[in-house]
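Data first, discussion second: the structure below is written as C-alpha cells.
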2 protein chains.
Amino acid sequence: MNDSSLVKPHTRQRVLEAVKSLGYIPNKTAQVFKTGRSRILGLVISTQHISELVYNAGFQARFKALTVKTHNEGYNILIISSTDANCDSYFEVIKNQVADGFIILSPSANESLTSLLEEAGIPYVFNMKYSTNPEDIYYVSSDDIEGGYMAAKYLLDLNHTDIRFIVGVVKGSLMPFNVDRLNGFKRALNEYSIEFKEEMIVGIPGQMEESYNLIHQLFQSHWPTALMISNETTTVAALNYFHDHGIRVPQDVSLIGFGPSEFFRNLRPNLTNVSYDITWSSDKLVDLLLQRIEGKMVTPEWPKKPELIIRDSTMRNFRP
Amino acid sequence: MNDSSLVKPHTRQRVLEAVKSLGYIPNKTAQVFKTGRSRILGLVISTQHISELVYNAGFQARFKALTVKTHNEGYNILIISSTDANCDSYFEVIKNQVADGFIILSPSANESLTSLLEEAGIPYVFNMKYSTNPEDIYYVSSDDIEGGYMAAKYLLDLNHTDIRFIVGVVKGSLMPFNVDRLNGFKRALNEYSIEFKEEMIVGIPGQMEESYNLIHQLFQSHWPTALMISNETTTVAALNYFHDHGIRVPQDVSLIGFGPSEFFRNLRPNLTNVSYDITWSSDKLVDLLLQRIEGKMVTPEWPKKPELIIRDSTMRNFRP
DNA sequence: CTGTTAGCGCGTTCAT
DNA sequence: ATGAACGCGCTAACAG
C-alpha cells in the first residue's frame, strides 16, 4: 500500500483489491504515532487576532499565503487559538497539539517562550523579530524601517511637513514593526531637517469604530496635510470618515496606507501605499520551519524591501 | 497528571514536581493514538476558495465563527485544502487526516461523497444542503428563498420593476443557495404580477476584476433601476464602478447586498443588505458535528430567517 | 489509593 | 519477495 519497491506488481494488485473489497482505511493516527510525523503545522494566533479578521487584509493575505505554501509542501495547517495574551500560556497550548512544528503569529512573543520551546525541542518560527538576542534567528521579518522611511520621504518630497503617523497600539505599547516604521519615519524627517514632535504619532486601537472616532477627534483638533496609517482597518475607517464629512482625498488630505497592494487598489480613491510581499515572506517562513523539521536546505535571505505604490490618494501640498 | 480523583493530593504534588524537574512533556501523538480522539475538527475548503479570501466577507465571518466556537468547545481546526474540485478526491484527502470529524465547505458536494463518508464511519457536516435526498440531514442551511424574496419584495414596494439579480456562477451553474435566492426573487415578482424574464438574472464569476468589467458591460447595454448582488466581492466591484463613473447610489441606482451586515456597514454608502446570522449557523454546525462525535444532544432548529437591514443604498424609484 | 500490565495499529526489521 | 514479531508511549483495567 505504501508503494514499496520490494513488492511484486502482482502482489500489490492483490493487496489493493483486498483493500477495496474490505473498505480498509489505514488508521492515520497510528501512522502518525509510529512515524512521529503528522505533516501538520500549527498556526498559533490569539483569539483577539481572529476577531479582527474582517478588514485585516494583512492577516488574510498571510493566512492565504501560508495555507497555499503549506499545501504545496504536503502539509496542513492547524489553527491554534490562544485566548490568553500571556506568552507562557502559549507554551501550554502549543505542547498540547499534534503538529510537527509551529508558526507563531504573536504580537507579543518573548524570550521565555523561546527558551521553553527550545528546551522542549519543539520546532517553531515567528513571523517577526521580537527580541534583541542575536541568537534568535527563527523568524522572517520585513524591512519596516525602510517602509516607514519611504512613505515619509515621499510625503516630504511632496512638500508635506504637517504629517501624522497613525499606528496601532496594543495594551499601551507599539508593536515591534511599528517601532521600526516609526524609526524610518524619523530618519526621513531628519534628512529633511524637520523636527520630530511627539504629537506626530497617534496611537489608535485597531478596530473600526474606535478608529473612526479617533480620526474624528484628531481632525476636530488639528487638520494635518498628510496621514500615514499603519493598519488597514484604520485606513478604511479614515476613508469612511472623510467620505462622511466631505473631506476630499487627496485634495484636502493626502493618505498613505501600509499593507497588501491589492487591498488598497480596491478602495476609492485608489490608495498610495507601502506594499510588502507577504507571499514571499510567508513562503520563506514555511521554508525555515521545514528546514528545522526535515533538515530542508534554505538559503538565508535579507528581508525584501517593501515597495511604494503610488496611486491617487497623495498629491503635492500647497498649504503653507 | 490527568486530574484523576483517585490520587491523593500529596502524591499528585510529588508527580507534578517530578514532571517539572524532568521537563517531562506527555507525547500528544500517543495520547491521540490510544484514546482515538484528537480534538481536531477538519475544515475542508477548496484552494480556489482560499484564494478568493480577500473581500469574501462571508467566508471570513464563517471562518471566525467556526474558530471561536470550536475553541470554546475545546477543539482546534485543521485546514484541509483540496486542489481538485472533483468530489471523490475530497474523500481521499479527508481519510488521510487526523481529525475527529469534518466540516465540509464545499460548493459542489455530491451524494457519492456522502455515501463514501457514511460507509467509512467518518463524522462530517456540510454547510449547506446539496442533495434532494431527505436522509441527508447533516447540514445547517440558511433560509435563502426568504432572503431572495425579502430583497425583491422591498425593491418592488419601492416601485422598482427593472431589477437585475447578479449571482455568482461556478463552472457555468448556480450554487444551490443561489437557486434558492432566485426562487425567492421569482416568488416576489409573481406576487406583484411582474413577469419574470431571463435577462433579469446576470451570472458573474466572483472575482473583483471580472465583476467590475461585467458590471461595466451591463450598464453599457441597459441601466436597471435596482440591483441585487449575491456576493460581496461583486458588490464592492459595483460600488467601485459606480464611483468611477459618477453613478450615484441610490439616486441613480438602488443596490441591495447579501452577506454579513457588519461588512456592508463599513462600505460607503452604507448598504441595504440581506443579513444572515453566520455566527448562529456556524455554532449550530459545530454542535451538529459534535453531536455525531460525542453524542452531544442538539435541539434541531429551523433555519433562521435572514434579516433585511435597510440603510442608505436604496430609495423609491421615480423612473417610468 | 497505588503499582503493574495489556494492547491500541501501525512501520520496521529480520528470518525465511 | 514475503511473513512474523517487536515496540512506539500512552490509557485503562485490574490487582493489590
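Just so it is clear: chains get the letters A, B, ... in the order the sequence lines come, proteins before strands, and each one is counted from 1.
One atom, CG of Asn96(A), and another, P of dC10(D), lie 12 Å apart when rounded to the nearest Å. To the nearest angstrom, P of dG3(D) lies 8 Å from CZ of Arg14(A). Distance CZ (Arg12(A)) to P (dT2(D)): 10 Å, rounded to an integer number of Å. Spacing between atom NE2 of His10(A) and atom P of dT2(D) amounts to 9 Å, rounded to whole angstrom units. Rounded to an integer number of Å, the gap from NZ of Lys34(B) to C1' of dT5(C) is 11 Å. The CZ atom of Arg37(B) sits 19 Å away from the P atom of dC8(C) (whole-angstrom rounding). Summarising the geometry, the separation between CZ on Phe33(A) and C1' on dG7(C) is reported as 11 Å, rounded to the nearest angstrom.
Put simply, Gln31(A) has a side-chain N or O that comes within less than 4.0 Å of OP1 or OP2 on dG11(C). The phosphate of dC10(C) has OP1 or OP2 within less than 4.0 Å of a side-chain N or O from Tyr24(A).
Between Glu118(A) and Arg292(A) there is a salt bridge, since a side-chain N of the basic residue sits under 4.0 Å from a carboxylate O of the acidic one. Salt-bridge check for Glu294(A) with Arg37(A): passed, with a basic side-chain N closer than 4.0 Å to an acidic carboxylate O.
Using a 4.0 Å heavy-atom cutoff across all strands shown, Thr11(A) reaches sugar-phosphate atoms only and no base atom.
A donor-acceptor pair is defined here as one N or O able to donate and one able to accept, closer than 3.5 Å; such a pair exists between the side chain of Glu232(A) and the backbone of Gly58(A). Using modelled atom types, no side-chain atom of Asn76(A) and backbone atom of Ile40(A) make a donor-acceptor pair closer than 3.5 Å.
Of the listed nucleotides (dT2(C), dC10(C), dT2(D)), dT2(C) has the atom at the smallest distance from the side chain of Lys8(B).
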